[in-house]
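The structure presented is a predicted model; accordingly, all values stated were derived computationally and were not measured. Order of the sequence lines sets the chain letters (A, B, ...), proteins ahead of strands, with each chain counted from 1. Quick note: numbers below take in every heavy atom, side chains included, and nothing from hydrogens, waters or symmetry partners.
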Number of protein chains: 2
Amino acid sequence: MKVLDCTKCDIKSSAAKMLNVEELKILGNHCSEVNFKKGEIIFKQNALSSNIVYLKKGLVKIHIAGPSAEQIIKISKPPTYLGIPTTFDEKTNRYSATALEDTVVCFIGLDMFKQFIKGNPNFSYEIIVELCKSELDSFNNTVNRAQKKIPGRVADALLFFNREIYESKEFYIPLSRLEFGNFVDTSRESVSRILTEFHTDRIIQLDGRKIEILDEQRLEAFSKRG
Amino acid sequence: MKVLDCTKCDIKSSAAKMLNVEELKILGNHCSEVNFKKGEIIFKQNALSSNIVYLKKGLVKIHIAGPSAEQIIKISKPPTYLGIPTTFDEKTNRYSATALEDTVVCFIGLDMFKQFIKGNPNFSYEIIVELCKSELDSFNNTVNRAQKKIPGRVADALLFFNREIYESKEFYIPLSRLEFGNFVDTSRESVSRILTEFHTDRIIQLDGRKIEILDEQRLEAFSKRG
DNA sequence: AAAATAAAGTGAGACTTATCACATCTTGAA
DNA sequence: TTCAAGATGTGATAAGTCTCACTTTATTTT
């Protein structure tokens with residue numbers, strides 16, 4: 001296994017920033033860095049797992065196979081941990097993670113991770129902060145998904161890519177229409193229809209997956225009204 | 001303020017079980033026990049908050065005012081913490097908590113709570129475990145709400161009360177029809193219709209809020225198919 | 001107990017969205 | 001290039017759910 005030098009890592013998680021040089025060296029010895037190409041699965045629902053996954057570069061979807069369809073629970077960007085809840089609480093993963101772009105992650109042994117939690121209070125404090133944020137996001141999502149109609153949810157997704165992921169009005173949607181549907185709880189057909197409608201209304205400029213947001217305010221209006 | 005003797009509390013959280021006698025005495029000095037009657041609000045969305053709330057007895061709904069309706073995010077039973085994410089990450093509460101039955105909670109000062117996290121690794125470990133469980137539940141909820149039609153969601157809710165809350169086939173539904181709708185993302189009318197349908201089909205025996213589950217298997221079938 | 005208020009049940013029509021069917025467009029492989 | 005496989009767009013129809021209107025039943029209040 002390639003040994004990492006975590007002391008030199010400049011994309012540390014807020015928790016890892018709490019580790020001293022000694023601890024970072026230990027971390028490096030129990031940690032491996034792996035590259036994933038777009039589309040590759042990082043870990044799979046129902047598989048056994050004993051690693052915490054730290055997302056360093058790229059973009060990842062967290063998804064669950066439901067009774068009738070695949071559902072994208074959330075899209076994570078670095079720096080963040082991917083597998084804390086599923087690894088900590090269960091023997092098998094409750095969800096899958098798949099790279100949406102070329103991605104770099106570090107696999108961290110669970111024992112090691114637990115050791116830091118029990119050994120470094122500032123580390124565990126930051127983990128708690130991250131878990132709390134994540135739970136609030138998830139509540140927020142629940143409300144949005146339940147109370148908004150499809151145009152509102154599509155608008156939300158576009159604003160999410162614009163603001164949280166790409167920080168630019170122009171970007172390539174990192175999802176197929178089907179995946180987009182899995183992300184906003186609809187069919188691929190409905191996504192197509194709403195997107196072309198937004199295009200026709202000059203709210204967005206659309207060409208395949210290439211998109212430019214022309215009228216952020218009207219997108220927000222859709223988001224707010226439902 | 002009434003000082004509590006947490007050393008004698010026999011409904012400690014799994015985190016509090018990790019505290020020694022000294023720590024429990026300190027906890028008791030920074031903690032107050034409050035009773036809430038059915039229907040009373042424990043804490044309110046958008047209010048400032050500096051307490052962690054520990055649910056000791058009773059039953060509580062966690063709810064959020066969305067763009068068009070009030071939504072019940074989850075129903076919590078003891079022993080559990082109610083306000084960790086909302087208190088930890090934000091200045092103001094992102095959700096409300098309301099007693100569904102007569103309820104006893106302990107308010108714990110946030111500073112105290114943070115002190116234990118930083119001072120006792122076993123304590124913070126248990127908090128992390130609880131947060132992880134809660135996040136997995138929340139993912140599970142997301143899938144259920146999105147992929148199931150109303151009969152499936154109503155069936156889920158009934159099985160939830162049966163299995164997680166009352167552990168009995170006979171119980172009183174702790175929600176009005178409107179609240180039930182807010183819990184399973186529908187209108188009160190749809191809840192009424194589905195419940196009477198289940199009654200007619202002899203899946204349940206229903207009289208107002210009093211209910212008996214007659215055919216658990218058929219409820220599960222609804223849940224699985226959607 | 002009577003009146004007022006709130007909660008619950010139910011039918012009908014409107015609206016949203018899913019599904020099916022098919023045409024078109026891309027993309028990668030042979 | 002040519003073909004195959006997958007992704008996308010779009011219309012028509014069907015299904016599910018919401019909303020409105022009204023009635024009936026509980027629960028509170030006076």
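Between the NZ atom of A/K210 and the C1' atom of D/dA7 there is a distance of 20 Å, given to the nearest Å. Here the P atom of nucleotide C/dA7 and the CG atom of B/D207 are 18 Å apart, to the nearest Å. Atom CG of B/L175 and atom C1' of C/dA8 are 15 Å apart (whole Å). C/dT16 atom P lies 18 Å from atom CG of A/D185, rounded to whole Å. Here the P atom of nucleotide C/dT24 and the CD atom of A/E189 are 17 Å apart, to the nearest Å. Taking atom CZ of B/R193 as the reference point, atom C1' of C/dA8 lies 12 Å away to the nearest angstrom. Atom NE2 of A/H199 and atom C1' of D/dT10 are 15 Å apart (whole Å). Counting to the nearest Å, the C1' atom of C/dT16 and the CD1 atom of A/I194 are 10 Å from each other.
Residue A/R153 is out of contact with every strand shown, counting any heavy-atom pair closer than 4.0 Å. Counting any heavy atom pair closer than 4.0 Å across all strands shown, A/S176 reaches sugar-phosphate atoms only and no base atom. Counting any heavy atom pair closer than 4.0 Å across all strands shown, A/S190 reaches sugar-phosphate atoms only and no base atom.
For D/dG6, the OP1/OP2 oxygens have no side-chain nitrogen or oxygen of A/R177 closer than 4.0 Å. Look at A/S187 and you'll find a side-chain N or O under 4.0 angstrom from OP1 or OP2 of C/dA18.
Using cut-offs of 30° and 60° on the angle between ring planes, the pair A/Y95 and A/F43 is tilted. Taking the six-membered ring where the residue is Trp, A/F180 and A/F161 present perpendicular rings, their angle passing 60° and hence far from 30°.
Note that the CD1 atom of A/I213 and the CG atom of A/N162 stand 4.0 Å from one another [nearest 0.5 Å].
Between D/dT8, C/dT17, D/dT17, one nucleotide has an atom nearer to the side chain of A/T186 than all others, and that is C/dT17. Between C/dT10, D/dT17, D/dT8, one nucleotide has an atom nearer to the side chain of A/R188 than all others, and that is D/dT8. Nearest to the side-chain atoms of B/P151 among the listed nucleotides C/dT10, C/dC20, D/dT17 stands D/dT17.
Of the two residues near DNA chain C, B/L206 and A/K149, the one whose nearest nucleotide lies more 5' is B/L206.
Using a 4.5 Å heavy-atom cutoff, the side chains of A/L158 and A/I204 are in contact.
Here the options are B/F107, B/F113, B/Y81, the test is ring-ring contact (aromatic ring centres under 6.0 Å, His included), and the partner is B/Y54; only B/Y81 passes.
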